[in-house]
Protein chains: 2
Amino acid sequence: MLLDQRRDEILQLIERQGFVSLHELVEKLGASESTVRRDLEYLDGIGQVRRTRGGAAYTGEHITPFEERGTASLPQKQRIGRAVADEIESGDTVLLDGGTTTLEVARCLNGKSLQVVTNSLPIANLLVNQPNIELILIGGYLYPRTGVALGPLAAAALTNLRVHRVVMSCGGITEKGLFNSNTLLVDCERQMLDAADEVWVVADSTKFGRTALAHLCSLSTVTRLFTDRGLEERWRRTLEDAGVPVTIVE
Amino acid sequence: MLLDQRRDEILQLIERQGFVSLHELVEKLGASESTVRRDLEYLDGIGQVRRTRGGAAYTGEHITPFEERGTASLPQKQRIGRAVADEIESGDTVLLDGGTTTLEVARCLNGKSLQVVTNSLPIANLLVNQPNIELILIGGYLYPRTGVALGPLAAAALTNLRVHRVVMSCGGITEKGLFNSNTLLVDCERQMLDAADEVWVVADSTKFGRTALAHLCSLSTVTRLFTDRGLEERWRRTLEDAGVPVTIVE
DNA sequence: CATATACCGGTCAAGTTCGGTCAGATCCCG
DNA sequence: CGGGATCTGACCGAACTTGACCGGTATATG
């Protein structure tokens, strides 16, 4: 296994579980103790995990590195993306948050006449040459890997904009609302919420019941939510009680 | 197998899997290790993949193929880019204008520790995953084809920034100064000039004697100029008279 | 409190991977 | 057909990564 690949896997495990023991990592990764130790040392050095005796813990300060591309949730994301795009009509003004699901939304927008605002570099790359799409890019400090613009510059740019709807992604959802793992990101996303009349949330079913470091907003802020068939009944009812219209794709 | 075809296949594999090891590529493509290594080096250079030890990883999105190959004076631009990058030292704060020559500058910045500010999407793509480069993106209305951010949002973002030097490109130069073909672009570039202590201009020799719709600034604004050997003597003298130090590459 | 166990950081040799160089092959253009 | 540019595969020394080992230290246990 490649070095970076292994470290990404470590991050994912830690983000999912909050804590992993050294032995658990050795077993799951098939690497030696020394190697895992070195990886943790490195990841601790750049602030992505916090080392503890016998393992490592979550710090909350990292946006999930490029998602589990190979995993099963990609098809769901694609279907969600298609469903959201289908509901967006020509002439609309849409703000697209960063994230793999919103990227799938962007993929399905070709052909429509739209104003699109985004702080995501990958999305901007995708849409910059679409003839009928007027693209406004939110600038700021560019977060490596995920390529989203954050920080005061991004916040300032957003205060001058007003859009019809925002398509928002998140790291986790519970009855408390939406969560993301990075505080800078959440700050920026709050501005996005303020800038939009309607708040659409895209979240595949694996996001439910998961929290992360930073609370973004409560469910009452959400105008509409898109997810897949995997949504558990209890979460469907939670959303219903909160008055959030849910669209379940496929 | 053709070169472009092979590189395309590499991109597809990486996009599908997120990671590929070098050996995997060697096997699947039937090319030698050296060749694959060179391909990855190239693809990393233009920001389409991220090289890691033993293989390469997905960066997020793949840019629509550039027109760069077609441009006439590419070798000159590359040499100019290299020369400018060589003069930029670790720790600097640099503002990079959009344009093919400044893109060549960006290509040569790997390894340096810098703060880079840019309004160019291609340059941002190139630098977003450079570990030692802190990248600040200027947002705004994204101009198709060239992928530079313009307009009031860009101008507003620039008023809040201060950089050591700006590396500026232009469409034409005469004794009257610098020209560009787009008034929106020129408005934004004026802000860039204001935001920088030093103004470095990159312009291959074909730019001299050409004007364009919009006048950007006079020669006296320029702190330093980089061009290639093709510079005619009379222009060299014009620059000298205007007090602009000229660096002629190669 | 003494002892056993688990965990730590550092060192080392072996194995990989890297970047640069070189010569041959291929293509292009006059 | 010849000369130049480009691409390719092979090779090599250097740099990096890895797993094993070891002595020391923190934690658990009796």
Side-chain angles (χ1 to χ4, degrees), chain A residues 1-11 13-14 17 19-57, chain B residues 1-11 13-14 17-58 65-66 68-79 82 85-86 104 107-112 129-132 228-230 250:
Chain A
M1 181 182 302
L2 274 59
L3 184 146
D4 268 30
Q5 194 174 1
R6 197 181 55 234
R7 289 182 181 167
D8 263 355
E9 211 143 317
I10 293 177
L11 284 181
L13 270 167
I14 291 182
Q17 311 181 9
F19 176 87
V20 269
S21 75
L22 198 129
H23 282 296
E24 192 179 344
L25 286 172
V26 167
E27 217 170 286
K28 288 201 171 146
L29 301 172
S32 78
E33 205 180 290
S34 292
T35 302
V36 175
R37 220 184 276 288
R38 270 185 289 247
D39 284 341
L40 293 182
E41 197 176 332
Y42 168 80
L43 291 170
D44 179 81
I46 61 171
Q48 302 243 49
V49 309
R50 192 162 40 82
R51 278 227 62 183
T52 63
R53 191 174 177 82
Chain B
M1 182 181 304
L2 273 61
L3 184 145
D4 281 344
Q5 189 180 352
R6 196 180 55 234
R7 290 182 180 168
D8 238 35
E9 209 144 320
I10 293 177
L11 285 181
L13 269 168
I14 291 183
Q17 311 184 7
F19 281 101
V20 265
S21 74
L22 198 125
H23 282 298
E24 193 178 342
L25 287 172
V26 167
E27 216 170 287
K28 290 204 170 141
L29 301 173
S32 78
E33 203 181 292
S34 292
T35 302
V36 175
R37 221 183 275 287
R38 270 184 289 248
D39 285 341
L40 293 182
E41 198 174 334
Y42 169 79
L43 291 170
D44 179 82
I46 62 170
Q48 303 238 40
V49 309
R50 187 168 50 83
R51 279 220 65 183
T52 65
R53 193 176 178 82
Y58 187 64
F66 267 115
E68 52 169 330
R69 293 214 153 243
T71 57
S73 35
L74 183 61
Q76 280 88 326
K77 291 179 177 184
Q78 285 174 335
R79 276 188 223 106
R82 159 64 54 197
D86 283 349
E104 296 303 327
R107 266 187 232 289
C108 299
L109 291 179
N110 336 17
K112 299 186 192 252
N129 282 318
Q130 293 291 335
N132 297 320
D228 59 85
R229 291 202 94 82
E250 192 221 27

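For the numbers below, each heavy atom of this structure counts, side chains included, while hydrogens, waters and symmetry mates do not. Given the structure is predicted, the values throughout are model-derived calculations rather than measurements. A note on names: the letters A, B, ... follow the listed sequences, proteins ahead of strands, and every chain is numbered from 1.
In this structure, CD on B/Glu41 lies 10.5 Å from OG on B/Ser34, to the nearest 0.5 angstrom.
None of A/Leu2, A/Leu29, A/Val49, A/Asp39 except one satisfies the side-chain contact (heavy atoms from CB on, under 4.5 Å) rule with A/Arg7; the exception is A/Asp39.
Summary of helix geometry: the two end axes of the helix from C/dC1-D/dG30 to C/dG30-D/dC1, each defined by five base pairs via their C1' atoms, are inclined to each other by 30° (rounded to 10°).
Atom CG in A/Leu40 sits roughly 9 Å away from atom P in C/dC8 (whole-Å rounding). When rounded to the nearest whole Å, the span between CZ of B/Arg51 and C1' of C/dT16 equals 13 Å. With rounding to whole Å, A/Glu41 atom CD is found 14 Å from D/dT17 atom C1'. B/Asp44 has its CG atom 16 Å from the C1' atom of C/dT17, to the nearest Å.
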Exercise for review: Spell out protein contact along nucleotides 18-30 of chain D as letters: B when the base is contacted, S when just the sugar-phosphate is, - when no protein heavy atom is under 4.0 Å; keep the 5' to 3' order.
Suggested key: BBBB----BS---

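The salt bridge (charged side-chain N to carboxylate O under 4.0 Å, His left out) search around B/Asp44 returns none, not counting sequence neighbours. Residues forming a side chain to side chain donor-acceptor pair (under 3.5 Å) with A/Ser21 (at least two apart in sequence, or on another chain): none. Among residues two or more places apart in sequence or in another chain, the side chain to side chain donor-acceptor pair (under 3.5 Å) test is passed with B/Thr52 by none. Residues passing the salt bridge (charged side-chain N to carboxylate O under 4.0 Å, His left out) test with B/Glu33, sequence neighbours excluded: B/Arg37. By the salt bridge (charged side-chain N to carboxylate O under 4.0 Å, His left out) test, B/Glu9 pairs with no residue at all, sequence neighbours left out. Qualifying salt bridge (charged side-chain N to carboxylate O under 4.0 Å, His left out) partners for B/Arg51, counting only residues two or more places apart in sequence or in other chains: none. Applying the side chain to side chain donor-acceptor pair (under 3.5 Å) test to B/Arg82 and every residue at least two apart in sequence or in another chain returns B/Asp86.
When all heavy atoms of A/Ile14 and A/Ala56 are compared, the closest pair comes out as CD1-CB, 3.9 Å.
Residues of residues 20-29 of chain A having a heavy atom closer than 4.0 Å to DNA chain D: none are found.
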